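Scroll down for the structure; my scribbles are underneath it.
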Amino acid sequence: MHLLSASCVCALLITSLLRQVGGLETFIGLYGETLEIPCNNGAMKAEDILITKWKYDKGDGLSGDLLVKKNQNVLISATDEYKGRVSMAANSSLLLSAARLTDQRTFTCMVVASADIREFPVNVVIYKTPASLEISDNAQELEIGKLTKLGKCVAKDANPAANITWLKNNTPLVADGKGISIKASVLVDPVTGLSSTSSILEYSAKKEDTDAEFTCSTQHTVGAELVSAPVTLTITYTTENIGLQVIAQDPLKEGDNVTLKCVADGNPAPTAFNFHLKEELVKVENADTYTITNVSRNTTGVYKCSLVDDPTMEASKDITVNYLDINLSPSGNIVKSAGEAMDLTLQIDSSGNNKVSWTKDNVKLDKKPKFTKLTYADSGVYECEVTNGALSLKASLKLAVQGAPVIRQLSKLRSEDGKHKVLICDVEGSPKPAVSWSINGTSLDESPFLNGKIKHKITVVPSANLTVSCMVSNEFGSDSRTINVSSLFEEVRMDKQDQSDENDQTKLVVGVVVGLLIATIVIGLAYWVYMKKSKQGSWKTGEKENGSSEEEKKLEEKVEENSQKAEV
């Protein structure tokens with residue numbers, strides 16, 4: 001222990017016991033900052049403290065005084081390196097500015113109370129994070145399979161010395177004595193005492209290391225993790241594999257362009273290639289592609305590319321040019337006569353399997369149309385579509401079946417109210433026939449002209465029996481037909497006469513049927529009386545029996561005949 005003065009020590013020895021703190025606290029400070037080193041941590045009440053004194057361990061068992069506080073007055077006694085750097089806080093903590101590594105020592109706070117003296121030693125440790133972290137002396141390229149110095153990572157001015165970790169794509173690297181070698185060293189600045197750590201990475205590259213990012217990092221005792229800027233190196237290796245790519249629309253069809261690209265895995269990549277275009281050899285320099293324009297079906301074949309420096313290293317590819325040609329015969333606008341035959345043919349030339357579909361007037365057909373005998377209903381627009389994968393072509397024809405008009409039927413009927421006659425002329429022909437009548441009428445009505453058919457109606461009120469004609473014509477011919485039309489008055493008279501005749505005939509039939517039924521009943525009754533008498537005279541001779549049997553038989557036949565007439 002160090003006493004403040006002889007008189008003070010005497011007084012303390014008389015009035016109190018002397019105690020020394022047995023524990024040793026550690027205080028961590030940051031380099032260059034002001035340290036606030038605590039005193040007694042509240043072990044003694046401030047109102048009981050008479051004197052506070054700070055001192056430090058100079059080594060070799062010596063101590064140096066820094067300052068003392070008595071009666072709220074602070075007297076600084078520091079010399080040498082602490083002169084002008086120390087002061088005391090209100091709570092008696094030691095304030096030490098611009099911390100240095102030489103400040104890593106024991107500072108002791110001595111407190112004198114009315115009846116006690118205590119010392120509170122504090123061990124001060126100074127930390128400093130690295131000033132920077134960077135990779136230098138890095139290689140520009142690495143050769144596959146060869147252990148090469150990749151770079152040097154330096155963490156400058158730290159305390160304690162930094163530990164450096166190398167990473168590839170954020171994954172730590174561990175030295176294995178073969179493909180990875182890491183050598184670290186530490187250099188201490190003689191002036192500041194700070195340490196700079198250097199780490200050298202030697203690395204044997206692989207193909208997959210192309211475009212890989214290498215970094216180094218350090219995690220200091222205090223402060224955040226530091227990571228260097230990434231370094232990307234060129235990985236060199238000779239070509240081991242070569243491939244040929246075909247760049248074209250899918251599917252490749254006639255008229256398209258196709259680009260051949262030769263791909264080699266060497267680094268740096270080869271700059272000259274040979275393209276084998278069937279029977280032709282083309283050399284390309286400072287490029288890896290060759291374009292064939294406006295391909296045709298003759299372009300189909302095997303294509304190759306190879307290295308100019310090593311022609312034995314080559315790659316090949318099959319190229320198929322898809323094509324589709326169709327020919328519909330006949331096609332366009334076709335005019336035929338009704339009743340003719342027309343042979344419809346579709347020729348297809350393609351590179352694969354085809355699918356054919358047909359439509360008539362945009363309505364799908366189940367199969368290819370056949371025309372063995374043309375009708376007006378066959379007129380229309382026919383279209384075929386041929387598909388081959390993604391290729392598709394269409395062809396069409398517009399068929400018009402023409403002919404002279406024909407009256408298929410000329411009919412008449414009475415209107416629902418019985419006051420008119422409706423004449424109907426059914427006509428077939430194409431182009432559309434013109435229809436006229438030999439008499440004038442009302443309520444002219446014409447159906448739509450469809451499939452070469454038209455129905456023309458006329459309403460008349462004949463006052464006498466007439467012969468009416470329907471005349472039709474077009475550019476190919478004409479036709480006419482007549483029909484007899486009776487007057488409405490005559491038809492009414494005939495209807496009444498027909499009804500009277502029908503009533504007389506009905507009465508006659510009923511009378512005949514009733515007469516036959518009565519005759520049948522009378523004969524049946526006579527037969528029953530006769531049979532009864534025959535049974536009573538059964539004892540008579542066989543001749544009489546035989547005679548009776550014949551008469552009975554005739555009577556039965558007569559009854560049966562009358563019965564049949566009655567049924568009729």
Side-chain angles (χ1 to χ4, degrees), residues 26 28-33 98-104 124-241 264-271:
T26 298
I28 298 176
L30 297 181
Y31 184 88
E33 296 185 2
R100 308 168 185 171
L101 292 189
T102 54
D103 295 332
Q104 296 188 112
V124 174
V125 178
I126 305 300
Y127 283 165
K128 184 180 183 303
T129 59
S132 63
L133 188 65
E134 59 183 15
I135 297 177
S136 60
D137 300 335
N138 55 290
Q140 297 302 312
E141 61 183 36
L142 297 178
E143 185 177 350
I144 286 182
K146 182 178 180 181
L147 194 64
T148 306
K149 178 182 176 181
L150 187 146
K152 177 181 179 182
C153 182
V154 178
K156 296 181 179 180
D157 301 334
N159 188 62
N163 292 319
I164 294 176
T165 300
W166 284 93
L167 305 98
K168 183 186 77 172
N169 294 332
N170 295 324
T171 301
L173 296 174
V174 179
D176 57 9
K178 297 179 181 179
I180 301 175
S181 175
I182 300 175
K183 299 177 180 178
S185 61
V186 178
L187 179 64
V188 178
D189 188 310
V191 177
T192 63
L194 298 175
S195 300
S196 295
T197 303
S198 299
S199 180
I200 297 175
L201 171 64
E202 292 182 336
Y203 189 77
S204 179
K206 307 178 184 63
K207 281 186 180 181
E208 55 267 28
D209 292 329
T210 301
D211 298 327
E213 290 186 345
F214 292 86
T215 56
C216 61
S217 69
T218 180
Q219 177 65 65
H220 201 262
T221 305
V222 294
E225 179 185 19
L226 293 179
V227 181
S228 70
V231 172
T232 301
L233 306 176
T234 299
I235 310 300
T236 62
Y237 49 89
T238 58
T239 299
E240 297 179 356
N241 298 291
D265 63 354
N267 193 27
T271 58

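If you're wondering where the values come from, they're calculated on a predicted model, not measured in any experiment. What's counted below: heavy atoms across the whole structure, side chains too, no hydrogens, waters or symmetry copies. Sequence positions, counted from 1, serve as the residue numbers for this chain.
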Heavy-atom donor-acceptor pair, S195 side chain to P160 backbone, under 3.5 Å: no
Closest non-hydrogen atom pair between P130 and L226, with its separation: O-CD1, 3.7 Å
Short N-O contact, D157 and K128, less than 4.0 angstrom: no
Pairwise side-chain contact, T148 with Y203, heavy-atom cut-off 4.5 Å (strictly under): no
Least distance between heavy atoms, I164 atom then T197 atom: CD1-O, 3.5 Å
Residue pair L133 / C153: nearest heavy atoms and the distance that separates them: CD1-SG, 3.6 Å
Heavy-atom closest contact (C216 atom, I135 atom, distance): SG-CG1, 3.7 Å
Short side-chain to backbone donor-acceptor contact, N241 and D265, under 3.5 Å: no
Qualifying residue for side-chain contact (heavy atoms from CB on, under 4.5 Å) with F214, from T232, L173, N169: L173
Side chain H220, main chain A161, donor-acceptor under 3.5 Å: no
CG (N267) with more than 12 external heavy atoms under 6.0 Å: yes
Considering all heavy atoms, the nearest L194-L101 contact: N-CD1, 3.5 Å
